Amino acid sequence: MPKPSKLSADRMVDAGIHLLEALSAAPDHILDRQEASRIIGVAPDQLPEVIDTLETLADRTSGARAVIEMAETHVRVQGNAALLQPLRLSVEESMIVEHMLDMLHLDDSTKARIRHGIMGDGDRGERSDDIAETSRYGTWLTRIREAIDDGIRCELTYRSRTDDTARTRTIDPIRVDEERGVSYLIAWDVERDEERRYRLDRIHDLSFTDDSVVPHTVSMEKTADSLRRTGSVAHLRAADESTMQRIDWAGVGRIAPQHDGSYLFDVHYSSSSWLYDQVLAAGGELTIVEPAELRAGLAPYASILLEQPAVTRA
């Protein structure tokens, strides 16, 4: 039986944060072992390494031992030492955390999850360069928060992956969510009369109307849960561990390391063109295994792109 591949430091931190979040939110703080592995995106035989690291880190930082029991079928937190509790930081404390995160050699997604986990959306200090970070929040975050706080209906100019050009929607903004380092505006599309999710970095323009929002019943469902419930499923292969680590898609499910160093994994997706774009952008490091009809459609899709004039794809 091959020895499980060792997780990188960044991957270990990210997996640990995911696991503590999931266990803190789970009923009785218990998760099925396979489900825990799927949620944090590691192979089942890598789960003990994540748990061992969490227990060690808890000993060093708090002095209280975080006991995480891993049985044959489930993972359980014993006691409260490992549970994630709400924490409100002062402006000064937030700035110290920001400074320390900037000094650590972690990827941007991991830093974003740490910030969100211990500071939330409202306790980030007064750093204008952080608020204006267009790679994650676009340029409209402050105005969006103002609209949410004051209940203002907005005109949103947005280009989705399936749109050729940006188009305007009338929306009632509801909240801002962050998943795997990507921020989304959850809003109600007034014309379509349904809930929609918009990536903040794809918003072209946002303006206030003279109308107030109308209360709507909305779900608290995360992107990953929505994709598992409504999306299609594809089976892909990543060439190696470094390729697998770069994949931060919300819809990634079961991950299985292979003897040759590659990784097979499932992904739930809502748009075949989006999936094709990801595979092509990987430059041969990702391949579609099945379904066969999806795999067969990649070459025609690429041919159409080659025939089109060069454009910037959003």
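These figures come from a predicted structure and were not determined experimentally.
Here the closest non-hydrogen pair linking R159 and A166 is CB-CA, 3.7 Å. In this structure, A36 and L47 approach most closely via the heavy-atom pair CB-CD2, 4.4 Å. In this structure, I255 and G41 approach most closely via the heavy-atom pair CD1-O, 3.1 Å. Nearest heavy atom pair, residue S273 against residue Y301, reads O-OH, 3.5 Å. The shortest non-hydrogen separation linking E241 to Y263 is CA-CE1, 3.5 Å. Looking at every heavy atom in both residues, V75 comes nearest to I51 through CG1-CD1, 4.1 Å.
Scored by the side-chain contact (heavy atoms from CB on, under 4.5 Å) test, A234 finds L236, V267, Y269, L275, P291, L294 as partners (sequence neighbours excluded). For T73, there are no side chain to side chain donor-acceptor pair (under 3.5 Å) partners at least two apart in sequence or on another chain. Residues passing the side chain to side chain donor-acceptor pair (under 3.5 Å) test with T168, sequence neighbours excluded: T157. When the side chain to side chain donor-acceptor pair (under 3.5 Å) test is applied to D193, the partners found at least two apart in sequence or on another chain are W188. Annotation: side-chain contact (heavy atoms from CB on, under 4.5 Å) contacts of T209 (sequence neighbours excluded): R153, E155, D211. E35 is linked by a salt bridge (Lys or Arg N to Asp or Glu O under 4.0 Å) to R38, counting only residues two or more places apart in sequence or in another chain. In this structure, the side-chain contact (heavy atoms from CB on, under 4.5 Å) partners of A71, at least two apart in sequence or on a different chain, are E69, H74. D189 pairs by the side-chain contact (heavy atoms from CB on, under 4.5 Å) definition with R169, E191, R192, R196, Y198, not counting sequence neighbours. Annotation: side chain to side chain donor-acceptor pair (under 3.5 Å) contacts of S8 (sequence neighbours excluded): Q245.
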Should E146 and I144 be marked as a side-chain contact (heavy atoms from CB on, under 4.5 Å) after you check the CA-CA gap, both sets of side-chain angles, and the distance that decides it? CA-CA 5 Å; E146 181 181 350; I144 288 169; over 6 Å; no

Check against side-chain contact (heavy atoms from CB on, under 4.5 Å), L280 and L298: CA-CA 9 Å; L280 293 172; L298 179 61; 4.0 Å; yes

Check against side-chain contact (heavy atoms from CB on, under 4.5 Å), I171 and V213: CA-CA 8 Å; I171 63 161; V213 302; over 6 Å; no

Before you tell me yes or no, could you show the steps for M70 and R33 under side-chain contact (heavy atoms from CB on, under 4.5 Å), namely the whole-Å CA-CA distance, both residues' side-chain angles and the distance that decides it to 0.1 Å? CA-CA 8 Å; M70 185 174 66; R33 186 167 172 171; 3.7 Å; yes

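Two residues are said to be in side-chain contact when any heavy atoms from C-beta on lie closer than 4.5 Å; E49 and M12 meet this criterion. A 4.5 Å side-chain heavy-atom check between T142 and R145 finds every atom pair outside the cut-off. In this structure the side chain of Q34 reaches within 4.5 angstrom of the side chain of P44, judged on heavy atoms. Proximity of H235 to I288: side-chain heavy atoms (C-beta onward) are nowhere separated by under 4.5 Å. Taking 4.5 Å as the limit, some side-chain heavy atom of D177 sits within range of a side-chain heavy atom of R197.
Remark: R237 fails to qualify as a cation-pi partner of F265 under the 6.0 Å distance and 45° angle criteria applied to the six-membered ring.
Of the inter-residue distances, the one linking C154 atom SG with I203 atom CD1 reads 9.5 Å to the nearest 0.5 angstrom. D277 contributes atom CG, which lies 7.5 Å from atom OG of S271 (distance to the nearest 0.5 angstrom). Atom CD1 in I174 sits 8.5 Å away from atom CD1 in I148 (nearest 0.5 Å). D201 CG to L141 CG: the interatomic distance, rounded to the nearest 0.5 Å, is 11.5 Å. Taking CD1 of I152 as the start and CG of D172 as the end, the distance is 11.0 Å to the nearest 0.5 Å. The CG atom of D205 sits 14.5 Å away from the OH atom of Y158 when rounded to the nearest 0.5 Å.
Other residues sharing the hydrophobic cluster of L264, ordered by chain and number and joined by side-chain separations under 4.5 Å: V289.
No donor-acceptor pair closer than 3.5 Å links the side chain of E285 to the backbone N or O of A282. Proximity of a side-chain donor or acceptor of S303 to a complementary backbone N or O of A299 within less than 3.5 Å is detected.
Applying the salt bridge (Lys or Arg N to Asp or Glu O under 4.0 Å) test to residues at least two apart or on different chains, the pairs with a partner in residues 252-271 are R254-D266.
Linking Ile, Leu, Val, Met, Phe, Trp and Tyr whenever their side-chain heavy atoms come within less than 4.5 Å leaves V190 and L156 in two separate clusters.
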